[in-house]
Amino acid sequence: MAQQDVEQQVAQLQQLQQQLSSIVAQKQQLEMQLREIERALEELEEIDEDTKIYKTVGGLLIEADRDEVKEELEDRKETLELRVKTLEKQEKRVQEQIESLQKRLQKVLQQQQQAGGGAA
Amino acid sequence: MAEKKGKEKDREKLQRLIAEIQQLQGQAEAINAQLDLIDTSIEELNRVEETLKGVQELKGEEEVLVPVGAQSFVKATITDTDRVIVGIGAGVAVERTIDEALESIDNRRQELEKARSEAQKRLQEISQKLQEKQREAQQLAEKLGLTQQAQQAQQAAQQRQSGGPSGGS
């Protein structure tokens, strides 16, 4: 493989690695939101029936119906879970691409080293 | 030739050590950021605890000044000195008695303090490892006659130890 191709592939590898870390960061953020919702749902289960519940609307708190709030949280949870799953798939795919590219590059570099060592 | 090869190996080892050192430094920085966050949360809990205890002692007739931001206050009376509305995350809040709220504040503070001591322990472990690696790198650099690199490694170490951990404060 020509030196130019190697450089191109290294650049591609770096790009993929960046992509991977951005995917991982996105996933972590969504997972945090997910945990927050799960905790809130657990908390809602534990409190008494007649406890007043409020929803934040901008900077205000407005009284809300318990079942409605629960339903809304469940919906959000579902959406988040779906998005996390999609990101997991993407993560895996990019990871695989990185691994195969790394292997290929390693091989080429080894060959170059051997050839270089022989010449010197 | 053999000597040359040995030198080459040492150089590679040094490079690896430097990479490890940088990685450890990154980890230490992340933990320091975490510690700052924990401290801020504990401070906030302490503040709200004090406020709620103060509210509990009111009769509900007194005029209080409620902060609305930017050092500005409006006059108000607290009509219910037994209850408080507490956020449970995800944009939801529930009404609680102040006693219940104080209890959960206490629990959360204990959790945070536990997390803090764990993070501190991890930080200590990393600092120790960092020192070992730095010593190793320095020795190797000296052996290779790379006094400049050795100095750089030392400088980086000192920067990290003096400036790094307290950098967030």
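Convention: sequence-line order gives letters A, B, ...; per-chain numbering from 1.
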Considering residues, nucleotides and ligands other than [X], do more than 12 of their heavy atoms fall under 6.0 Å from its [atom1]?
X	atom1	answer
B:Gln124	CD	no
A:Glu71	CD	no
A:Lys55	NZ	no
B:Gln128	CD	no
B:Glu12	CD	yes
B:Arg116	CZ	yes
A:Glu31	CD	yes

Quiz item: Which is it for B:Val92 and A:Thr56 under the side-chain contact (heavy atoms from CB on, under 4.5 Å) test, yes or no, and what are the steps along the way?
Solution: CA-CA 6 Å; B:Val92 182; A:Thr56 54; over 6 Å; no

Quiz item: Where do B:Ala93 and A:Leu61 come nearest, in terms of heavy atoms and distance?
Solution: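 Scanning both residues, the minimum pair turns out to be CB-CD2, 4.1 Å.
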
Self-check item: Smallest separation among heavy atoms of A:Leu73 and B:Ala90, with atom names
Solution: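 Closest approach of A:Leu73 to B:Ala90: CD2-CB, 3.9 Å.
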
Quiz item: Any salt bridge between A:Glu43 and B:Arg96, counting N to O under 4.0 Å?
Solution: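 Looking at B:Arg96 together with A:Glu43, the answer is yes, because their closest N to O distance falls below 4.0 Å.
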
Quiz item: Between A:Arg76 and chain B, which part of the residue has a heavy atom less than 4.5 Å away: side chain, backbone, both or neither?
Solution: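 Only the side chain of A:Arg76 comes within 4.5 Å of chain B.
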
Quiz item: At a heavy-atom separation under 4.5 Å, does A:Ile53 approach chain B through its side chain, its backbone, both, or neither?
Solution: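 It is both, since atoms from each part get that close.
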
Exercise. Output the option from A:Lys52, A:Glu72, A:Glu63 having the highest count of non-hydrogen pairs under 4.5 Å with chain B.
Key: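 The residue among A:Lys52, A:Glu72, A:Glu63 with the greatest pair count is A:Lys52.
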
Quiz item: Say you draw a straight line from CG of A:Asp48 to CD of B:Glu95; how long is it, rounded to the nearest 0.5 Å?
Solution: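 That separation rounds to 11.5 Å.
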
Quiz item: chain A heavy atoms under 4.5 Å from B:Arg83: which part of the residue, side chain, backbone, both or neither?
Solution: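 For B:Arg83, no heavy atom lies under 4.5 Å from chain A.
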
